[in-house]
Amino acid sequence: MDYPANFIHDIIEKDISDGVITKIHTRFPPEPNGYLHIGSAKAIRINFEAAKRYGGLFNLRYDDTNPEREEEEYVKAIREDIVWLTGEEPAGGVFFGSDCFEKCYEFAVKLIKDEKAYVCDLTGEEMREYRGTLTQAGKESPYRKRSVAENLDLFARMKGGEFPNGACTLRAKIDMTSPNMNMRDPAIYRINHTPHHRQGDRWCIYPLYDYAHPIQDALENITHSCCSIEFENHRPLYDWVVDNVFDNPTRENRPCQFEFARLNMTHTVMSKRYLRELVETGLVDGWDDPRMPTLSGLRRRGYTPSAIADFLDRAGYSKAQSVVAVDMLEHCMREELNASALRKVAVTEPLLVTIANFPDDKTETFSLPNHPGDPALGKRDMPFTKQIYIERSDFSDNPPPKFHRLKPGTEVRLMGAYIIKCDEVVRDVSGEIVELICTADIETGNGVPTDGRKIKGTIHWLSAAHCIDAEIMQYGRLFTEEEVGENYADFLNKDSAKKITGVKLEKSLESAKAGERFQFVRMGYFTPDTKNGGIFNSIVDLKSSYRPS
RNA sequence: UGUGGUGUCGCCAAGCGGUAAGGCAACGGACUCUGACUCCGUCAUUCGAGGGUUCAAAUCCUUCCACCACAACCA
């Protein structure tokens, strides 16, 4: 199929054809303050793919410039998710923004010497007042005119730990009247005595994102810095930093920022804050709960990196704010799994069927294809005995219109085996159907009836003597609403995870391994749970067009 | 009342002056030993709205309108 155009590709191709860039270099800069989700995957994909496509390099860089929010657990998880998603270690390397602290400090000293930065003693509240509003210009800080020498001294003392948190900041001297709020003398350094997850207490001053990010990009020789659209009005500041920190950077050796719209999906919350809340309040089974939109959750649920990439590419990389339907993601997964997943039989609600005219102790073997459309995937033997299980919902003694499955007195095909007819319905005292007595068309076997009669329905079955007991987790959508509103809790789908016990599975599933994906015939796609042995997680259901009406 | 950005089918999305691609969803129908898959068909006289330029406009000009982001010592 045709994928939507990717404007980043257009930009890069122009840069290459213009001869301004020879080696493409991109990066994905997550803050290690949570797990990556499918929204992050879009940023990874756009940066990774651009580098891959044009023979460049892709870096992973932890943007760890805020000691209060970052943890080692996330550092590890993020890397695993990226390697899983892209299928390789970041070719350009793995970096930490915090490793640039020394450089950032030197550049800040340079800015002070160039009279482009100053130490400001305004409190947070005062600074807000001085900044002005969206419609009113700000006014200059009284500390803006400090001498270079004084600024140098003060900044050194900030670094030396002389001041408490919040006592002062280093600010870029730009323009307090700029219509762009980001340019009104933004703070570029703040004091924070919280120990850093990698630097310990080596630093008590930390560069802010707008200052550190372009420096990190430049130091890593990033050519195309693709980020989401909320940073669009930060671009002038990004460029200001590059221009004022580095000497006459040309396009060849300067990073440029490009923006794309972030991913929103129906029935899905991307906010890390809320995802964390779900984890912390125990509403889900961790960041990798199979219902979570996190990469680890999707992975545990059985999603493949290729399906995610396909989905992302189909949704496209425009700048328009949008909400993509999860149906598209699910479609991509189904499409891949339909072509690759081995077919297996699972009977979720077993109903015993006795084949009256089948010998008591005989075990017959039928060979079923592992995949109806791909003979290369081989076959497997399915034992058949007098007593079998079928799906309770595949029988009805009060069938709705167009019910093509088993009903009293009519025939149905047991997939890959006999045609059977229901002769008798056995009930217990309460009236519940407990068993069906059927006869099989032994003569026809698993072939086509010679008298030309057509058998409309096919149902799946399992020999009662040759199956294993299992549990499966069936997952629905975590949220009930298409677009989840502010009060996320209101939209939580309480039935999004259902454990189904007493499930009968075909024997071959005994050796199923994590990472394998199967289609449980007529039901959906499943994979062994990587955390709980013996449980199968549903990846995505099969679509059904059966409408009794 | 500021700056930047975005508005093309229910949802994404191509298109970049030559007369509206594609995908998802939906709906018909065919096929089927998975009511799956596959297949075939239907689904924007119209591109946020109004004006203008042009033989020709979703594409150019213009005036509006709507939505998103920005006033952290977060990223």
Side-chain angles (χ1 to χ4, degrees), chain A residues 1-5 29-31 33 63-66 68-69 120 122-124 127-129 131-138 165-171 178-184 186-192 205-206 208-210 212-213 227-236 259 261 265-266 272 311 313-332 334-335 338-339 343 345 368-369 371-373 402-405 412-417 419 446-448 455-460 482 519-524 541-548:
Chain A
M1 65 164 276
D2 298 330
Y3 287 105
E31 181 183 19
N33 67 343
D63 209 339
D64 56 349
T65 55
N66 185 343
E68 299 206 354
R69 323 207 311 180
C120 181
L122 253 27
T123 64
M127 205 184 280
R128 197 172 316 125
E129 284 164 21
R131 187 156 31 229
T133 67
L134 294 176
T135 51
Q136 286 175 306
N165 292 359
C168 51
T169 56
L170 184 71
R171 292 229 258 166
S178 171
N180 183 341
M181 302 294 289
N182 297 301
M183 300 299 272
R184 321 242 260 228
I188 59 176
Y189 262 95
R190 84 288 215 169
I191 298 170
N192 194 327
I205 55 170
Y206 292 89
L208 278 105
Y209 170 87
D210 283 319
H213 201 84
C227 64
S228 50
I229 209 147
E230 66 266 32
F231 293 107
E232 207 159 26
N233 5 4
H234 293 241
R235 188 165 4 107
E259 307 87 9
M265 261 192 335
T266 54
K272 260 187 204 170
F311 162 70
D313 290 348
R314 289 197 201 202
Y317 305 94
S318 71
K319 294 183 78 161
Q321 184 266 3
S322 64
V323 184
V324 182
V326 261
D327 306 54
M328 185 124 73
L329 209 213
E330 291 173 351
H331 167 84
C332 291
R334 276 194 200 96
E335 189 174 85
N338 175 52
R343 311 288 122 123
V345 173
L368 267 68
H371 189 112
K402 293 183 182 167
F403 183 82
H404 295 147
R405 279 107 92 165
V412 79
R413 173 128 240 156
L414 293 178
M415 186 183 282
I419 294 164
N446 65 353
V448 181
I455 310 301
K456 188 78 174 165
T458 300
I459 64 175
H460 55 281
E482 291 264 296
Q519 184 194 95
F520 289 175
V521 170
R522 281 246 324 275
M523 199 187 319
D541 292 343
L542 246 36
K543 294 218 271 187
S544 170
S545 58
Y546 174 53
R547 284 179 215 83

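From a predicted model like this one, the values you see are computed outputs, not experimental measurements. Lettering of chains follows the sequences in order, A, B, ..., and the numbering in each one begins at 1.
Relative to the side chain of A187(A), the nucleotides C24(B), C73(B), G35(B) differ in distance, and C73(B) lies closest. Closest to the V324(A) side chain, of the nucleotides U34(B), A25(B), C12(B), is C12(B).
Using a 4.0 Å heavy-atom distance criterion, M415(A) is classed as a base contact. Residue contacts shown for F403(A) include a base, since a base heavy atom lies under 4.0 Å away. Using a 4.0 Å heavy-atom criterion, one finds that P372(A) contacts the bases of the nucleic acid, with or without backbone contacts as well. Within 4.0 Å (heavy atoms only), T65(A) reaches sugar-phosphate atoms of the nucleic acid but no base atom. Among the heavy atoms of the strands, none lies under 4.0 Å from G524(A).
The pairing partner recorded for C31(B) is none, the criterion being a Watson-Crick or G-U wobble arrangement whose two distances lie under 3.5 angstrom.
Stacking of R405(A) on the aromatic ring of Y546(A) is recorded, both the 6.0 Å distance cut-off and the 45° axial limit being met.
A search for ring pair (Phe, Tyr, Trp, His ring centres under 6.0 Å) contacts involving H213(A) returns Y209(A), not counting sequence neighbours.
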Using a 4.0 Å cut-off on protein heavy atoms (strictly under), produce a 5'-to-3' string for nucleotides 66-72 of chain B with B for base contact, S for backbone-only sugar-phosphate contact, and - for none. ---BBBS

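With centres under 5.5 Å and a plane angle under 30° as the test, the ring of H213(A) is not stacked against the base of A75(B).
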